[in-house]
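Below is one structure, written out as structure tokens; comments come after it.
Excluded from the calculations below are hydrogen atoms, water molecules and symmetry mates; all remaining heavy atoms, backbone and side chain alike, are included. What you see is a predicted model; the values in this text were computed from it and never measured. Counting starts at 1 for both ligands and their atoms, in listed order.
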Amino acid sequence: MIDMGMPGYCLGLIGYPLQRSMSPRLHSAALEAMGLAGEYRLYPITPGPETYAELVVLLDRMRQGAIHGLNVTIPYKTVVRAAVDDETPTAHSIGAVNTILLQNGRLIGDNTDAPGFFTDLQQAFPQLNQGAAPGIQEALVLGAGGAARAVTFALAQAGWRVTVAVRNLDRAAAMIADLHALRPAFSLGICGLSAEKIRPRLPYLSLVVNATPVGMIPDVERSPWPEGLPLPPNACCYDLVYKPLETAFIRQVRDQGLPVVSGVGMLIEQAALALESWTGRQVPRQAMRLAADSAARSPARTQTEER
Ligand code: NAP
């Protein structure tokens, strides 16, 4: 928590590109609802030979107290790890930092994507028996990028068996090897992202998570789910994509009569957890939800590239 003998919180987001990010709206709405002065700025850093030096300069400003909290998004969630002084166990396990805090003069890299996803999952689907013994509940996670790592970690930590379905088996194998190296007890598997490879798993799946960008604006007619393959008969589905709020995958799941949510709940929850770390205060999710709904209705804001 920051001692606010100052005009207000100076918070922000590092990434590239950022010009249409939803984060300033979410954080500004929450700060206002909390009665706190402050602003949330965008700090775009163009990828190039000077990237790391620019990151270090920005992080030094935080060390000196001029910035009170930073979020990190694509493409710097991994790069920034070398520039912080320490990491939380969650960030270390996932291998990515999306939130930076200042504690006793040291910069700590945290990751609120994993708890953000898991909290929203529990709220969206209370029927899922969270925390079941390993092997009892199985999830299929589509993709093996940064978001898939956070989701897989969160589920595996809660006792789920997770199969990662991918087009690039090497990338998934590397991700699973990293997670197993830290937590050998995790129950993890890999399969190809094809009807043929997924079909045998269908009866066992309680959850399908799309952690690929397929379906995101501007490619809104595409679904990551293999053509011709029915969805698992008893699964809840979660699409991490939130632009648009209703993706082709979400429509497909609804058409089959299964429960499904978009990634906007995770976006809000990961932002709220970061703001709670910076302010030490409870963050009203509803204020962020209203800001997200308003942003989603604004066409200018939906053409965004933030992740
Ligand atoms: P990323 O690191 O670029 O990873 C993307 C993954 O999707 C990779 O495994 C990639 O496979 C796979 N993929 C990409 N295009 C594909 C295609 N056409 N078919 C099959 N697989 C494909 O991205 P990320 O950061 O993980 O983000 C993924 C999505 O999650 C984005 O839409 C982002 O907006 C969303 N997200 C949402 C939240 C939230 O709060 N709701 C948070 C984080 C991310 P290859 O390795 O083969 O390229």
Nitrogen or oxygen of [X] less than 3.5 angstrom from that of ligand 1:
| X | value |
| --- | --- |
| Ala144 | yes |
| Asp113 | no |
| Arg167 | yes |

For atom [atom1] of [X], is the number of surrounding heavy atoms from other residues, nucleotides or ligands below 6.0 Å larger than 12?
| X | atom1 | result |
| --- | --- | --- |
| Gln64 | CD | yes |
| Gln256 | CD | yes |
| Glu50 | CD | no |
| Tyr204 | OH | no |

So which bit of [X] gets within less than 4.0 Å of ligand 1, heavy atoms only: side chain, backbone, both or neither?
| X | answer |
| --- | --- |
| Val214 | side chain |
| Phe117 | neither |
| Ala211 | backbone |

With heavy atoms of [X] as the reference, note each atom of ligand 1 found under 4.0 Å away.
| X | result |
| --- | --- |
| Val241 | 32 (O) |
| Leu193 | 20 (C) |
| Gly146 | 2 (O), 26 (O) |
| Ile74 | 25 (O) |
| Asn168 | 46 (O), 47 (O) |
| Ala147 | 24 (P), 25 (O), 26 (O), 27 (O), 30 (O), 43 (C), 44 (C) |
| Gly143 | 9 (O) |

Should Leu229 and Leu202 count as side-chain neighbours, where that means a heavy-atom distance under 4.5 Å?
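When only atoms from C-beta onward are counted, Leu202 and Leu229 do touch, with a gap below 4.5 Å.
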So do the side chains of Leu31 and Leu11 get within less than 4.5 Å of each other, counting heavy atoms only?
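A side-chain contact exists here, since the closest heavy-atom pair is under 4.5 Å.
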State which residue, out of His180, Arg161, Glu138, fulfils the side chain to side chain donor-acceptor pair (under 3.5 Å) condition with Ser187.
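Among the candidates, only Arg161 passes.
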[X] near ligand 1, heavy-atom distance under 4.0 Å?
| X | answer |
| --- | --- |
| Arg149 | no |
| Val166 | no |
| Pro224 | no |

Arg285/Glu276 salt bridge by N-O under 4.0 Å criterion:
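Between Arg285 and Glu276 there is a salt bridge, with a charged N closer than 4.0 Å to a carboxylate O.
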Of all the heavy-atom pairs spanning Ile198 and Gly192, show the shortest one and how long it is.
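Of all heavy-atom pairs spanning Ile198 and Gly192, the closest is CG1-O, 3.8 Å.
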Please evaluate residues Arg167 and Thr212 with respect to the criterion side-chain contact (heavy atoms from CB on, under 4.5 Å), reporting the C-alpha separation (whole Å), side-chain torsions for both, the decisive distance (0.1 Å), and the verdict.
CA-CA 11 Å; Arg167 60 179 182 182; Thr212 77; over 6 Å; no
Would you mind finding which of [options] brings a heavy atom closest to [atom]?
| atom | options | value |
| --- | --- | --- |
| atom 32 (O) of ligand 1 | Glu269, Met216, Lys243 | Met216 |
| atom 42 (C) of ligand 1 | Met266, Met175, Gln270 | Met266 |
| atom 30 (O) of ligand 1 | Leu240, Asn98, Val164 | Leu240 |

Between the side chains of Thr112 and Asn98, is a donor N or O closer than 3.5 angstrom to an acceptor N or O?
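Yes, side-chain donor-acceptor contact under 3.5 Å.
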List the steps, then state whether side-chain contact (heavy atoms from CB on, under 4.5 Å) holds for His27 with Leu13.
CA-CA 11 Å; His27 285 276; Leu13 175 66; over 6 Å; no
